[in-house]
Amino acid sequence: MGELSAIERIKAASRGLRGTIVDGLADPITGALHEDDAQLLKLHGSYQQDDRDVREERRLQKLEPAYSFMIRTRLPGGVCTPKQWLALDAIARRYANGSLRLTTRQAFQLHGVVKRELKATMAAINQTLIDTIAACGDVNRNVMASVLVVESAAHEQVQLWARRLSEHLLPRSRAYHEIWLDGARLEDTPGAMPEKEPILGRTYLPRKFKCGMAIPPSNDIDVFSQDLGFIAIIEDGALRGFNVSVGGGLGATHGEPATYPRLGDVIGFLTPDQLLRVAEAVVTTQRDFGDRSNRKHARLKYTIDTRGLEWFVGEVQRRAGLTLEPARAFHFASSGDQFGWRTSADGLDHLLLRIPSGRIADREGAPWLSGLQSIAQLHTGDFRITPNQNLLIARVAPGQRAPIDALVREHALDLHERASPVRRDALACVALPTCPLAMAEAERYLPRLLALVEERLAAHGLSKAPLLMRISGCPNGCSRPYLAEIGLIGKAPGRYNLHLGSDAQGRRLNVLYRENLDEATIVELLDGLFAKYAAERLEQERFGDYLWRSKHLPLRATA
Amino acid sequence: MSHALRQSHLPEAEWRSELDRLTLSLDAAALNWISGYTAALARERGGAYGRSEHRPQELAPGFGEAEASLGTQARATVLYGSQTGHGRRLAEQLGDAAARAGLAVRVQSALDYNPRELATESVLFIVMSTHGDGDPPDEARAFVDFLHGRRAPKLGKLAYSVLALGDSSYPKYCEAGRLIDERLVALGGRRLSARVDCDVDYERAAGAWLSEAVIGASAELGVAAIGSARVRALTPLSAVSSDPTRQHPLEVEVIANQLITGRGSLRAVHHLELALPAGRLDYHPGDALGIVHENPPETVERVLELTGLDGHAPVSFDGRELPLHSWLRSERELTRLTRPFIDAHRSRAASGIAQMTALDIPQTWQVADLLKSVPAQWTAAELVVALRALSPRLYSIASSRSSVEDEAHITVAALDYSNDGERRFGSASRYLATHGEDSRLQVYIERNKRFRLPADRSRDVIMIGPGTGVAPFRGFVQERAATAASGRNWLFFGARQMDRDFLYQTEWQQALKQGALHRLDVAFSRDQAERIYVQQRMREQGAQLFHWLESGAYLYVCGDAANMASDVHAALLQIVGHHGGLTPEDAVAYLNTLMGERRYVRDVY
Ligand code: SRM
Ligand SMILES: Cc1cc2nc3c(=O)[nH]c(=O)nc-3n(C[C@H](O)[C@H](O)[C@H](O)COP(=O)(O)OP(=O)(O)OC[C@H]3O[C@@H](n4cnc5c(N)ncnc54)[C@H](O)[C@@H]3O)c2cc1C
Ligand SMILES: Cc1cc2nc3c(=O)[nH]c(=O)nc-3n(C[C@H](O)[C@H](O)[C@H](O)COP(=O)(O)O)c2cc1C
Ligand code: SF4
């Protein structure tokens, strides 16, 4: 292992994630934090960003970049109450840019909070009993869980395990309370040392770490993209346990073949009581063996590929003090969401709404933020953010269906009824203007791209065909584009790599088809393939499967 | 002229108007020459105004602030209180002319004058401008305080005259000069000639006062005849120096014009970089750049529209013939309303609204606003005469030559507002805002010798410059870095919103990092519920600030005169009072002493 990466040194010197954040917050000369603190801040659930649309303009104006902070909540399984929703709505209007952003990991993001209001915003979020601890940074991230609701009892148990797992793997540092919630300061207690971190360790994990729980037949969480995935095994309506998948991860870097998306390997089955022990063993193994010198090689997937799966499973079982049972059979049907009203076994109703790119704001003709605010004011169940950036209004009380339907219609929230299949299922990451890593547009570009694709589909009579398209502004792949039938990955402004051919169930990665394409070429290439697909497809055959079968795809792994 | 003078039996008013007519088209330099010439004539003819006997005396050169030492010989004193240098130059011209007329004369800034000497003066001239809200210039504050205070002496012996500089677009027109004039009379002084109040196009009126002052002083002091050769040797002042002036500006190229307030800002502030021809326009940080500008075309258009006059109509005035629109575009003020114009307009307006006085008119009104709300008939020629001559505007230089070499930078807040739904521009600031790269400007340097970094580079400096007031301090900090000054630099800056109005933010950040700036305290008034301004930050740092002052720091204030300067002054009084344990009177004295030592200087506008 080489020299420690810069971030490792920052974490080590941070006195339990404190750094000089407090001083930086008070510095009135800049809207930014000290450079090292901006790294630490991630572990508190916030990213320092700047409005990239005006970056160059402001440089000329002798003004620093328009810094602001993105705050990400920790929201295991994506569940929140209407009261929490209303509080976040108010925070979005008061402190952020007037929008709530539902993420691909079932959390909320607030964008555009300025430094001098960061503390107040964090405190306000915490007042809702939602926190942001470890929502970002080299820790265990938001724990995902399928939002499927039909077999309600077992599903609620999976939700419960997601919450427990999230709590179990949280950092122990009180820095968060100290800085944001005016907890007693470490410095004020003579001789006090930064808290011990029994699971994560003093320098936390080598890299981000992601867990999620899928409930077959839904693979909405894309369980094989998680570092540590759990596939719920429900028999006769009861949760028996989970198959365990390790080593998933999607992020890659253009032009660096040593980086790649990887699907997790299923290594066995465990019973619920073994879950925390095994998860902890996976985390500590990665903590101790993950690459701390090269961040591009630090995710669990590389640790496993470097040392071998067999070694890894052995180490985990040793640390957990158990042997995993053989994996049980399971079946995934789709990674998409089931839109509209559904009724669960307990007789409650649930409405799944389409939220394009998860962005909830009040826009001309689409006052979604206000619409959902109105719904939250009368709703007595809960809300669940789906892994596809959509929103489930869950556990609707009898008699509330009609008023909710009316509000949905009144606020144009009925996209799930109006949009074409490709538009309903598409995902886009945030990208410009806030994401510092974006190479091309994604969220802002998706509507235009969809219109072009819809037009081509219509030209070939494919308007009704299901099609999973995902776009990311860079190869980090936050919209999980490597698992889409059509994946677009930003390369430069207006240029994308085109990936094709996943199974839309999260079990087969797509492959790189062509690189560095402009819009016209993308549309032209798709148009040609749609034509063939329309002519040659088998009944019920999806586009991705067709491309494989018809050998339109190069036989090489995706890059 | 000799004819007019010979008719000295004429009533004074008549020969005066005759004289005015004859001197109408002469510039200040020519008038100066004449003043020397006529003074000599007066002596030759035996001093018709003479009260004291005339004795032959040596010529005492009275240039600048040098004092002519003439033993017990009676002499004239010229005192000036000047902020932007106009008054100082006029005072120097008077000294020059008086010396050449053979008078013993000294010219002094009110700052350097010991007011106790007043009791012994026999002939005193005062050139005093008005600033702030009817205040005297900083350098005259202590003098004025003394004059109005209990210790002011009886002035039975004193003959004096006051030249008041001002701007009739301000409500308290020439207030400082007027108050001094009234006070001197109250103390027993005798007016040698009536006070003259000058508007910003002061040349003509000031020239007349100057001539009369020389004549009056000669008569008063009884100066002997002096060789006509000497009188003729008088050379116009402006020809002595090759520096460009407002009459003879220099053309420079704009090499950058960058908006430096961010999106959403309520103010458009531009940073301009000008290329100076090598070797011309040598300036020092603290100096200002004079800009010869034109009115915005929209403004001219609107005035033509409202008067119904034809822009192409030729108008002769001041010996020149130009089409009306050219007069309005580049010769006359359209954006600042003056008293004479308001009076002239009122006299033309329908009777019902003729009661309106200058005081009823909002400060932000321009000529177009008056024309619009009070309709009146104007002819092209009358309009041109009634409007004041367009005067150049000043902008603090925001750079140091030791850092930017043959460039000068300025920081311009472009006035752009609306009156009654109509867009209004500030004349010069709009002109500058719309002058892009590669365009050209006519400029000159307006020196400000008061506003200088300490010669002793180990002294600390405190700079208070909210808004565009920060401009000269950019030059200061550049200069201090380039000269490796060992003293510390502390800047107070304020504006509305940090994210969009923090002028030169990245440069200050850089300067802090590099140690060129040691402290930076900022107040952004609109970034929180309560309004916070620089004076609050000063109070918060009061102990430190007082400590710096006690250790010899220089303190500079630049920017808004309307509120900021007085609020900052009040904060300083509080700070030195509180941290120095001083009574209010002693705090005033403390600051006056600082001002006297030129360690507390202001450049406010
Ligand atoms: C909001 C979100 C996308 C969305 O449109 O919903 C998102 C947004 C960002 N991701 Fe992500 N990621 C999001 C899900 C993902 C996923 C999908 C998933 O986890 O299911 C992935 C791929 C899976 C994986 O991790 O391999 C993902 C892989 C990355 C990576 C690449 C990691 C890698 O190992 O290579 C980065 C960059 C990094 O970590 O260095 C990244 C970094 C980022 C940052 C924070 C950029 C940064 O580091 O400064 C983006 C913030 C943009 C903004 O302005 O909001 N994000 N990111 C998702 C938030 C999830 C959450 O609530 O926690
Ligand atoms: C020594 C000195 C240094 C200076 N340095 C600078 C400098 O560094 N930067 C700088 O920008 N200026 C500076 N000024 C001010 C500058 O000289 C001009 O006065 C200023 O730019 C306005 O001139 P203008 O011709 O654009 O507006 P004008 O045409 O003179 O004014 C137009 C009208 O706007 C009104 N008005 C004035 N201010 C406002 C306002 N805030 N809101 C609404 N109406 C208003 C006036 O009453 C007038 O009716 C300095 C002045 C002095 C004396
Ligand atoms: C900030 C500022 C405030 C002024 N306030 C007044 C005023 O209240 N009354 C007035 O008659 N003139 C006022 N003037 C005009 C000046 O007195 C006038 O420009 C004069 O020519 C300046 O002379 P000086 O350069 O000797 O100071 C003001 C000028 C400035 C720059
Ligand atoms: S995929 Fe890239 S561009 Fe998109 S949000 Fe993630 S890091 Fe940013």
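Every chain is numbered from 1, with letters handed out A, B, ... down the list of sequences. Heavy atoms only: backbone and side chains are in, while hydrogens, waters and symmetry mates are out.
- Of all heavy-atom pairs between B:P296 and B:R430, the closest is CG-CG, 3.8 Å.
- Taking each heavy atom of B:R401 and B:L281 in turn, the nearest pair found is NH1-O, 2.9 Å.
- When all heavy atoms of B:I575 and B:G542 are compared, the pair lying nearest together is CG2-O, 3.5 Å.
- The backbone N or O of B:P285 sits nowhere less than 3.5 Å from a side-chain atom of B:S400 that would complete a donor-acceptor pair.
- Of all the heavy atoms in A:R74 and A:A135, the pair that sits closest is N-CB, 4.2 Å.
- Using a 4.5 Å cut-off on side-chain heavy atoms (C-beta onward), B:I410 and B:I291 make contact.
- B:Q258 contributes atom CD, which lies 12.5 Å from atom OG1 of B:T411 (distance to the nearest 0.5 angstrom).
- In this structure, a donor-acceptor pair under 3.5 Å is present between the side chains of A:Y176 and A:N126.
- B:S396 places no side-chain N or O within 3.5 Å of a backbone atom of B:A288 that could act as its donor or acceptor partner.
- The line from NE2 of A:H44 to CG of A:L118 is 10.5 Å long, rounded to the nearest 0.5 Å.
- With 3.5 Å as the limit, one finds a donor-acceptor pair spanning the side chains of B:S399 and B:Y283.
- Contacts of residues 55-65 of chain A with chain B at a heavy-atom distance below 4.5 Å involve A:E57, A:R58, A:L60, A:Q61, A:K62, A:L63, A:E64, listed in sequence order.
- Residues of residues 27-43 of chain A lying under 4.5 angstrom from chain B, judged on non-hydrogen atoms, are A:P28, A:I29, A:T30, A:G31 in numerical order.
- Under the 4.0 Å criterion applied to side-chain N and carboxylate O atoms, A:R444 and A:D53 are assigned as salt-bridge partners.
- Of residues 501-531 of chain B, those residues lying under 4.5 Å from chain A by any heavy-atom pair are B:F502, B:Y504, B:Q505, B:T506, B:E507, B:Q509, B:L512, B:L520, B:V522, B:F524, B:D527.
- Remark: the A:R359 side chain and the A:S99 side chain contain an N/O donor-acceptor pair separated by less than 3.5 Å.
- With respect to A:R116 and B:D499, no salt bridge is recorded, no charged nitrogen being found less than 4.0 Å from a carboxylate O.
- By a heavy-atom distance cut of under 4.5 Å, B:R474 are the residues of residues 463-485 of chain B near chain A, going up by number.
- Donor-acceptor pairing under 3.5 Å is lacking for the side chains of A:N97 and A:H111.
- The two residues A:A440 and A:L432 have their closest heavy-atom pair at C-CD1, 4.0 Å.
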